[in-house]
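Below: the structure, in structure tokens.
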Amino acid sequence: MPDYILVAVAWPYASGPRHLGHVAGFGVPADIFARYQRLKGHRVLMVSGTDEHGTPVTLVADKEGVSPKEVADRYNRIIGDDLYRLGLSYDLFTRTTTRNHYRVVQDLFKTLYEKGYILKQTTLGAFASTTGRALPDRYIEGTCPICGYAEARGDQCDNCGSQLDPVDLINPRSKIDGSPPVFRETEHFFLDLPAFAEQLAVWIGAQEHWRPNVRTFSLNLLKDLKPRAITRDLDWGVPIPLPEFADRDDKKIYVWFDAVIGYLSASVEWANNCGTPDAWREWWQNPNSRHYYFMGKDNIVFHTIIWPGMLLGYGSGGEIGGGSVAAESERVPLQLPFNIVSSEFLTMEGRKFSSSRGIVIYVNDFLERYDPDPLRYFLTIAGPENQDTDFTWAEFVRRNNDELVATWGNLVNRALTNVYRHFKAVPQPSALTQTDLRLIEHIEHGFGTVGDLLDNARFKAALTEVMRLAMQVNSYLSDQEPWKVIKTDRERAGTMLYVALRCIDNLKTMMTPFLPFTSQKLHEMLGYEGYIAGPLEFREYTESDGSVHRGLTGDYSGWRGHWQPGSLPAGQALREPQPLFKKLDEQVVAEELARMEQRASG
RNA sequence: GCCGAGGUAGCUCAGUGGUUAGAGCGAACGACUCAUAAUCGUUAGGUCGAGGGUUCAAGUCCCUCCCUCGGCACCA
């Protein structure tokens, strides 16, 4: 494996609080991966931020009578708090409204434009007759000209499935205020995707390590590539960096064009924040680095076609800056993605998440009442890794009580309680039996098997394997019965408990990517000092124009943990054991369902 | 309509052409009672959506059909 790994996490959209489906799709898997790779000793750069431009933010702002920036500020804070509380170990979680981001986005736009990959075309656009704002196709509804369905969307009829053009709708109206739209010609910039079709086909065709659905889906898209508009008639976005558009408030860069560039701009910002402005090049201009992107399946096209197309087009041209500027001949092209880890969707009690219908569990709401590690456990073991999966409260309670608490929590608790009661410290082992050695070896073997699964982004299988190992330690204890042996042979009982603790110490390391909070707690109970992994922190960053923004970051270089068998020192004093997890009352299910019903009807 | 994904034990899901199709949970029985009434062991439970085909061999590959879900590019 290479030394430099970029963990690029999809940017949550800042039009509202994020729900469990969002963090299940990209946040938790990405963090597990990043934490694991750091424990392996690799240089990991994990970046993301809130995606703050685009129509939905302006709609929320209009509705509340505030500016889009105020909406973005609010949800940037709420989402950042969510991610912090979930322990998502970003090297930088920033936002798309920074000067740095604008500068990098404009550089890419300009470079692509100068190289001829951005074309200007005139199209017919819809605008609200009331406010004059542009209406994306999705925000127009009317009667379907094909089947007569009265609530067809501007781009597609949900009834007959036909693809539509909003101009063809009968009796079209704005979904926002019901007024009829006006159609007029408008000029836009288009990314010339067909120019990259051949290169993309060769590249994607060679990515046999991608999840099959990602690869197949992307190859299919290539069959019919069209230039894609990368500007919008909107006042909220990154300005178009061409003289005739610089001061225009009615046309900005399309939110998705700027959002994917965030991976790069956040890396550049991170390097600046660290006082090493060229450090981002170790990931982006290093042919040996590997870039992993984490997202929900709805974002695949942006990460396998559009962003790679932009990167190919940019090549070694332009210079993003942030330090020394290399001569053009010495520039290295930007790295393409190595893997696109796309997840499916999480549904909620059998239904699609829907904020408007109250079928939703917001991350901040969830974390008010429950701990982050049980949620991380559930989202990993039962999350939408390969197919849509369903979140139900009954299943959450069961997974927590019958799996997490019963198997892993109880193993830790029973072992530590025994040791603490009789020894207060890691017992000094005497000669180890064949059984002892076999168990230790078997658990240590897990670093290989679990590690391989994590390298391949098979999080569910990896966690299942760790749980299986925990069961074997439980089995060992039940079989050896140190609590009986101690009455006649204190030395042998101490040895058994030493064996169990040594296995638990190793399982703790394997659990750390999945369950960082309780692993840290266990780390301390085992008598260690310092952080096995963490902590996260918020910092304020001031830019050249004086604007200040908050970033989620952390100094992860001080992590004590290593993805390898530990040598638990005999004699190390333990701290008094506490349960790692809380057992949840069955009543939680009824309470939470009632809460949801109330929200759905209210 | 087109494209794609799925349909495997009561539930949630693994399964890379090759013994008798697996795991966890649930169930039954037994053991243990150190531990958050947790744990450990044993057992039961499946014509792998239906029907054809290829093959020495099919849950796995091919075809047809049924059912569920997703995407279809100016929502992000």
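Numbered from 1 within each chain, the chains take letters A, B, ... in sequence-line order. These numbers come from the heavy atoms of this one structure, side chains and all, not from hydrogens, waters or symmetry mates.
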Review item, nucleotides 59-61 of chain B N/O atoms under 3.5 Å of protein N/O:
none

I'd like a list of close polar pairs between nucleotides 12-15 of chain B and the protein, N/O only, cut-off under 3.5 Å.
{"from": "B:U12", "atom 1": "O2'", "to": "A:R399", "atom 2": "NH2", "distance (Å)": "3.4"}
{"from": "B:C13", "atom 1": "O3'", "to": "A:Q387", "atom 2": "NE2", "distance (Å)": "3.4"}
{"from": "B:A14", "atom 1": "OP1", "to": "A:Q387", "atom 2": "NE2", "distance (Å)": "3.1"}
{"from": "B:A14", "atom 1": "OP2", "to": "A:Q387", "atom 2": "NE2", "distance (Å)": "3.0"}
{"from": "B:G15", "atom 1": "OP1", "to": "A:R458", "atom 2": "NH2", "distance (Å)": "3.4"}

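Taking a pair as Watson-Crick or G-U with both hydrogen-bonding distances under 3.5 Å, the stems of three or more pairs touching RNA chain B are B:1-7 with B:66-72, B:10-13 with B:22-25, B:27-31 with B:39-43, B:49-53 with B:61-65.
Nucleotides B:G51 and B:A76, compared at atom P, are 47 Å apart to the nearest Å. One P atom belongs to B:C67, the other to B:G59, and the distance between them is 25 Å to the nearest Å. For B:A5 and B:G10, the P atoms lie 27 Å apart once the distance is rounded to whole Å. Annotation: B:C3 and B:G46 have their C1' atoms spaced 33 Å apart (nearest Å). Spacing between B:G26 and B:U12 at atom C1', rounded to whole Å, works out to 11 Å. For B:U43 and B:A35, the C1' atoms lie 26 Å apart once the distance is rounded to whole Å. Taking atom C1' in both B:G17 and B:A57, one finds a spacing of 8 Å when rounded to whole Å. Comparing the P positions of B:G70 and B:A28 gives an interatomic distance of 37 Å, to the nearest angstrom.
At a threshold of 4.0 angstrom between heavy atoms, the contacts of A:D298 include nucleobase atoms, whether or not backbone atoms are also involved. Counting any heavy atom pair closer than 4.0 Å across all strands shown, A:T464 reaches no nucleic acid atom.
What you find for A:L574 and A:L526 is that their closest heavy atoms are CD2-O, 3.4 Å. Between A:S343 and A:P384 the shortest heavy-atom distance is CB-O, 3.5 Å. When every heavy atom of A:A126 is checked against every heavy atom of A:P181, the shortest pair comes out as CB-CB, 4.3 Å. What you find for A:F190 and A:A229 is that their closest heavy atoms are CD2-N, 3.3 Å.
Exactly one of A:W393, A:F581, A:F378 qualifies for a ring-ring contact (aromatic ring centres under 6.0 Å, His included) with A:Y370. That residue is A:W393.
Other residues, nucleotides and ligands place more than 12 heavy atoms under 6.0 Å from the CD atom of A:Q121.
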Donor-acceptor list for residues 582-590 of chain A side chains, cut-off 3.5 Å, not counting sequence neighbours:
{"from": "A:K582", "atom 1": "NZ", "to": "A:D371", "atom 2": "OD2", "distance (Å)": "3.0"}
{"from": "A:D585", "atom 1": "OD1", "to": "A:Q587", "atom 2": "N", "distance (Å)": "2.8"}

Less than 3.5 Å apart, which donor and acceptor atoms pair up between the side chains of residues 254-263 of chain A and the rest of the protein, not counting sequence neighbours?
{"from": "A:D258", "atom 1": "OD1", "to": "A:H101", "atom 2": "NE2", "distance (Å)": "2.7"}
{"from": "A:D258", "atom 1": "OD2", "to": "A:H53", "atom 2": "ND1", "distance (Å)": "3.0"}
{"from": "A:Y263", "atom 1": "OH", "to": "A:H303", "atom 2": "NE2", "distance (Å)": "2.6"}

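Within residues 222-229 of chain A, the residues that place at least one heavy atom under 4.0 Å from RNA chain B are, in residue-number order, A:D224, A:L225, A:R228.
Between A:K297 atom NZ and B:C3 atom C1' there is a gap of 14 Å when expressed in whole angstrom units. Atom OH in A:Y254 sits about 11 Å away from atom P in B:A73, given to the nearest Å. One interatomic measurement links the two molecules: CZ of A:R215 to C1' of B:A5, which rounds to 16 Å at whole-angstrom precision. The nearest whole Å value for the distance from the CD atom in A:E344 to the C1' atom in B:G6 is 10 Å. Rounded to an integer number of Å, the gap from A:R153 CZ to B:A76 C1' is 12 Å. Distance CZ (A:R232) to P (B:A73): 13 Å, rounded to an integer number of Å. Rounded to an integer number of Å, the gap from CG of A:D250 to P of B:C74 is 20 Å. Atom CD in A:E385 sits roughly 18 Å away from atom P in B:A5 (whole-Å rounding).
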Which parts of nucleotides 28-39 of chain B does protein reach within less than 4.0 Å, heavy atoms only, written one letter per nucleotide 5' to 3' as B for base, S for sugar-phosphate only and - for none?
-> ----SSBBB-SS
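A:F245 pairs by the ring pair (Phe, Tyr, Trp, His ring centres under 6.0 Å) definition with A:F189, not counting sequence neighbours. When the side-chain hydrogen bond (donor to acceptor under 3.5 Å, both in side chains) test is applied to A:K69, the partners found at least two apart in sequence or on another chain are A:D73. Scanning for ring pair (Phe, Tyr, Trp, His ring centres under 6.0 Å) contacts around A:Y117 gives A:F196, with sequence neighbours left out. Qualifying side chain to side chain contact (heavy atoms under 4.5 Å, CB included) partners for A:P136, counting only residues two or more places apart in sequence or in other chains: A:T55, A:Y139. Considering only residues two or more places apart in sequence or on other chains, A:W210 meets the ring pair (Phe, Tyr, Trp, His ring centres under 6.0 Å) condition with A:W203.
Under the 6.0 Å cut-off for aromatic ring centres, A:H442 and A:H445 do not qualify, their centroids lying 6.0 Å or more apart.
You'll find that the side chain of A:F217 is closest to B:G71, out of B:C75, B:G4, B:G71.
Of the two residues near RNA chain B, A:E403 and A:L193, the one whose nearest nucleotide lies more 5' is A:E403.
Classification of A:R248 and A:D233 as a salt-bridged pair fails, no side-chain N sitting under 4.0 Å from a carboxylate O.
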Residue pair A:N339, A:R211: steps toward the side chain to side chain donor-acceptor pair (under 3.5 Å) verdict = CA-CA 9 Å; A:N339 204 351; A:R211 290 181 183 174; over 6 Å; no
Given the rule in the salt bridge (charged side-chain N to carboxylate O under 4.0 Å, His left out) test, do A:E52 and A:R95 qualify, once you have shown the distances and angles that lead to the verdict?
-> CA-CA 7 Å; A:E52 305 183 0; A:R95 47 196 305 189; 2.8 Å; yes
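Phosphate contact (OP1/OP2 of B:G22, side-chain N/O of A:R468, threshold under 4.0 Å): absent.
The aromatic rings of A:F26 and A:H22 lie tilted to each other, with the angle between the two planes from 30° to 60°.
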